[in-house]
Asks: 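Here's a structure for you.
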Amino acid sequence: MSAVSRVLNLSRNRQSVRRFSDRRIPSEILLRVLECARYAPSAREDQPWRFVVVQDALTRHQISRAVFQGDLIRTAPALIVGCARVHSNIAGSGRPSHPVDLAAATEAMVLGAADMSLATAWITGFREGAIREVLGIPADVPVVTLLAIGYPDGFQRLADRRSEELSIAWDRWNATGSGDQ
Ligand SMILES: Cc1cc2nc3c(=O)[nH]c(=O)nc-3n(C[C@H](O)[C@H](O)[C@H](O)COP(=O)(O)O)c2cc1C
């Protein structure tokens with residue numbers, strides 16, 4: 001299988017899982033997943049991320065209590081908390097670049113994990129202050145992403161995706177004039 005079709009295959013068949021088996025993730029595999037993030041692109045090569053990897057059971061429990069649907073990640077053997085060391089704006093636009101950079105790095109881990117038969121749950125619904133307190137993250141460091149990772153305990157139905165026609169426009173926003181957004 002070519003490299004391109006392998007990534008497409010992973011993208012099509014990956015899904016978020018909510019239940020993880022109690023199988024431990026070997027540290028070299030976890031490091032390889034994190035390596036995917038380190039090589040992600042970032043605006044101005046800021047590489048603004050610092051990932052706090054939480055495997056300690058008590059700390060995971062405390063973090064899951066800071067997540068709105070904490071039950072979803074309760075069984076995950078590792079939580080990767082993505083923080084932005086540097087927060088800066090995209091030149092000229094005024095929009096922050098660090099959430100975009102953190103998202104690129106997180107997606108790299110999601111696909112890297114899938115490639116190594118691991119499953120993930122990407123969570124942004126959490127109380128940032130509570131996570132900051134549990135992990136000792138400084139007040140000026142945004143907590144952007146939380147990725148639960150582990151070996152899956154079963155899969156559900158793959159999520160539906162919007163059609164190619166609705167998701168992609170060629171040359172103009174709405175060349176067909178159909179009114180679809
Ligand atoms: C940026 C981002 C934030 C998300 N935050 C949450 C969340 O807070 N809680 C949750 O249950 N799922 C969260 N998800 C998971 C999505 O709900 C999930 O990716 C989507 O339903 C598609 O399902 P799939 O990942 O299985 O394809 C998040 C996903 C992304 C990419």
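Start at 1 and go down the list; that is how both ligands and their atoms are numbered. Numbers here are sequence positions counted from 1.
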Asks: Who's the nearest protein heavy-atom neighbour of atom 19 (O) of ligand 1, and how far?
Replies: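 The protein heavy atom lying closest is Ser16 OG, 3.4 Å.
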Asks: Checking contacts here: is it the side chain or the backbone of Leu72 that comes within 4.0 Å of ligand 1, counting heavy atoms only? Could be both or neither.
Replies: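 It is the side chain that touches ligand 1; the backbone stays farther off.
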Asks: So does Asp22 have more than 12 non-hydrogen atoms from other groups sitting under 6.0 Å from CG?
Replies: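 No, not enclosed.
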Asks: Hey, are Thr75 and Arg18 close enough side-chain-wise for a donor-acceptor pair under 3.5 Å?
Replies: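 Absent: no donor and acceptor within the cut-off.
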Asks: Within a distance under 4.0 Å of any heavy atom of Gln15, pick out the atoms of ligand 1 and give their elements.
Replies: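 Reading through ligand 1 atom by atom, the close ones are 26 (O).
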Asks: Please state which protein non-hydrogen atom is closest to atom 14 (N) of ligand 1 and give its distance, to 0.1 Å?
Replies: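 Ranked first by proximity to atom 14 (N) of ligand 1 is Trp122 O, 2.9 Å.
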Asks: Is any heavy atom of the protein nearer than 4.0 Å to atom 16 (C) of ligand 1?
Replies: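 Given the 4.0 Å cut-off, atom 16 (C) of ligand 1 does not count as touching protein heavy atoms.
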Asks: Identify, for atom 8 (O) of ligand 1, the protein heavy atom at the shortest distance, and state residue, atom and that distance.
Replies: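 For atom 8 (O) of ligand 1, the nearest protein heavy atom comes out as Gly125 N, 2.8 Å.
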Asks: Among all protein heavy atoms, pick out the one at the shortest distance from atom 3 (C) of ligand 1; state its residue, atom name and that distance to 0.1 Å.
Replies: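 Scanning the protein heavy atoms, the shortest distance from atom 3 (C) of ligand 1 goes to Thr124 OG1, 3.2 Å.
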Asks: For Arg161, which part has a heavy atom under 4.0 Å from ligand 1: side chain, backbone, both, or neither?
Replies: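 The answer is the side chain of Arg161.
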Asks: Where on Arg18 is there a heavy atom closer than 4.0 Å to ligand 1, on the side chain, on the backbone, on both, or on neither?
Replies: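 The side chain, only.
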Asks: Taking 4.0 angstrom as the limit and counting only heavy atoms of Gln69, give me the atoms of ligand 1 inside it, by number and element.
Replies: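 With Gln69 as reference, the close atoms of ligand 1 come out as 9 (N), 10 (C), 11 (O).
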Asks: Looking at Glu28 and Arg32, is any side-chain nitrogen of the basic one under 4.0 Å from a carboxylate oxygen of the acidic one?
Replies: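 A salt bridge is absent here (no side-chain N lies under 4.0 Å from a carboxylate O).
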Asks: Measure the spacing between CD1 of Ile149 and CD1 of Ile29 and express it to the nearest 0.5 Å.
Replies: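 The CD1 atom of Ile29 is 10.0 Å from CD1 of Ile149, to the nearest 0.5 Å.
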Asks: Could you check Arg74, Arg19, Arg23 and say which one makes a salt bridge (Lys or Arg N to Asp or Glu O under 4.0 Å) with Asp153?
Replies: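 Going through the options one by one, the only one that passes is Arg19.
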Asks: Distance check, rounded to the nearest 0.5 Å: Cys83 atom SG versus Leu135 atom CG?
Replies: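 Rounded to the nearest 0.5 Å, the SG-CG separation comes to 7.0 Å.
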Asks: Counting only heavy atoms on the protein side, is anything nearer than 4.0 Å to atom 21 (O) of ligand 1?
Replies: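 Answer no: nothing from the protein, no heavy atom, is under 4.0 Å.
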Asks: Of all the heavy atoms in Gln156, does at least one lie under 4.0 Å from an atom in ligand 1?
Replies: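 It does not, in that no heavy atom of Gln156 comes within the 4.0 Å cut-off of ligand 1.
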Asks: So with a 6.0 Å cut-off around CZ of Arg44, is the heavy-atom count from everything else above 12?
Replies: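 More than 12 within 6.0 Å, yes.
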Asks: Of the side chain and backbone of Ala159, name the one, both, or neither that has a heavy atom under 4.0 Å from an atom of ligand 1.
Replies: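 Just the side chain.
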Asks: Got more than 12 heavy atoms from elsewhere within 6.0 Å of OH, Tyr39?
Replies: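 Result for OH/Tyr39: open.
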Asks: Looking at Asp46 and Arg85, does any basic side-chain N land under 4.0 Å from a carboxylate oxygen?
Replies: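 Salt bridge flag = no for Arg85 with Asp46.
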